[in-house]
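Reading through the structure tokens given below for one structure.
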Amino acid sequence: MSFKRCSVLAITIFGFFMELAVVSASTEDIQKKIDLANYVNNNQAPRPSIKLAAEARELVTEIHFRVFDVVKEICIEEEIKARDCTWSARVELLPGFQAFAFRANEIVIHSGLIDKISYDDELAFVIAHEIAHHLYNHVAKKRNGMFVGAVLGALTGAGAGTGATIASLVLQSKSSAMEIRADEMAVKIIEEAGYDLAKARFVLLRMAKLDGRSRATILESHPAGLERLLAFDQLVAQERGTR
Amino acid sequence: MNRILLCLALLVFFAPDSDAKKIDLECDALDYRVESQLNLPLQEGSVRSATYSIAGFLNADSYALKVTIQCEGKAEEKVCIAISDSNYCPNPQASFRIRSVGGSDQNLMVKNRCTGEWAKYSKISSIGTTQNYLHDEVAFQLKNQIYSGINIADKPILSLHERSEDGVVAIKVASFTRDLWRVNEFDPLVGILKVNPENYEKDEHRRFTLNGKCAQRNK
């Protein structure tokens, strides 16, 4: 059997067992998800308003500055160099409910997301989440992982494509953890910046309704909307418990 | 002259009472609850999701177009969860209107409280003092056996009960059941109606019933 076939078989078996592990969640966890699903289905986030492109950009700039005041302090505490602690946030006129951290220091927010939220606190959470990805160097980690996978694939004779696939699968399984970690940091940042966590939570409620999944499979890059909402509630409870 | 007056008086006296069956009601949006756990049967007042077909009656600010179902756990502990998406109603109102067309109660116009649009409902049966109505387009499709592609489970039947002494009319919005399709005793469709809703009309996990009340509108 060739190395390529072996690796595909190994990934399949790995995926199967990981899927099994995810499916066999505890009864308590399942009950929490049922309660949260009932909450998501029976509650509505406040009605949003469509913003003009200029308004959306102004809003992003204003929130970015307010959030940045807190992040600056974190950078000093964590001894992060000043050049690694600056970001540019820009709005792209696209309808998706999306935002992402990009390159070394860029944050892109789709205008569709800004149009579908009603509170500044929700947008502050999104911006803080993307900043957290940069602070934790997640973008570079993903890029490097892909590169290492491609090189390993080429060196072992399985081909750069197979190597990249393996790297991508491993990274995606880590990616969900990165998202939760970024949410954790975002909660700290926006609370410090004076935003209301209860209002910020609406962005996750909207996502849970859009997403519809109750759990993500091991090969998905983002946790399901319901899992993320559940994690957010736990983070907020922890945050309040430590104060 | 006297004869003419006598004729007019007789005509007025024996003329059919056109207002007797006239309906003009203002109804409170129906309270409901979404039951997310598919393993649990739908209780009265519960729905699986506030779909577009029923959102016009519900006390909701939004309607669902997509439902995602995922299961958790294994074997006997397996639980399936349904989560609906959410689309805002363009013109939500606290109540909706029901009015008859002309002096007859054969056809009703119902104002959708989510969109503000009027829709025609046709009477499909009259059982005791209860009148049952179905959205006219669906009734037409069923009558003409254009049943292919209709998700009949989602098309509600609107039932109006007799007006009480205080002028309140109880209403029921429920999923379609074939026994309510009785246009008249001799309707050949009663026996050969090809829509086969048995799989859900007896399924307590899919069948929903919502109750509400309406008041006569003041003119």
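Chain A is the first sequence line, chain B the second, and so forth, proteins listed ahead of strands; every chain is numbered from 1.
Interface remark: of the candidates A:D211, A:I34, A:V40, A:N41, A:N41 forms the most heavy-atom pairs closer than 4.5 Å to chain B. Comparing B:D85, B:T68, B:V79 by how many heavy-atom pairs each has under 4.5 Å with chain A, the most go to B:T68.
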Given the rule in the side chain to side chain contact (heavy atoms under 4.5 Å, CB included) test, do A:K209 and B:S84 qualify, once you have shown the distances and angles that lead to the verdict? CA-CA 6 Å; A:K209 280 176 185 279; B:S84 315; over 6 Å; no

Kindly indicate, with the supporting measurements, whether the criterion side chain to side chain contact (heavy atoms under 4.5 Å, CB included) is fulfilled by A:N38 and B:Q37. CA-CA 8 Å; A:N38 279 327; B:Q37 201 179 335; 5.7 Å; no

A:D29 vs B:E72, test: side chain to side chain contact (heavy atoms under 4.5 Å, CB included). Steps then yes/no. CA-CA 10 Å; A:D29 287 344; B:E72 304 269 346; over 6 Å; no

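The heavy-atom pair separating B:I83 from A:A208 by the smallest distance is CG2-O, 3.9 Å. When every heavy atom of B:Y88 is checked against every heavy atom of A:A45, the shortest pair comes out as OH-O, 2.7 Å.
The structure places CZ of A:R47 at 7.0 Å from SG of B:C89, a figure rounded to the nearest 0.5 Å. In this structure, OG on B:S36 lies 6.0 Å from CG on A:N42, to the nearest 0.5 angstrom.
In this structure, chain A has no heavy atom under 4.5 Å from any part of B:A50. Contacts of B:K66 with chain A are made by side-chain atoms alone, with heavy-atom separations under 4.5 Å and no backbone atom involved.
The environment of A:F97 atom CZ is dense: over 12 non-hydrogen atoms of other residues, nucleotides or ligands sit within 6.0 angstrom. By the 6.0 Å contact criterion, CD on A:E58 is open, its count of non-hydrogen atoms from other residues, nucleotides or ligands being 12 or less. The environment of B:F140 atom CZ is sparse: at most 12 non-hydrogen atoms of other residues, nucleotides or ligands sit within 6.0 angstrom. Heavy atoms of other residues, nucleotides or ligands lying less than 6.0 angstrom from CD of B:Q106 number more than 12.
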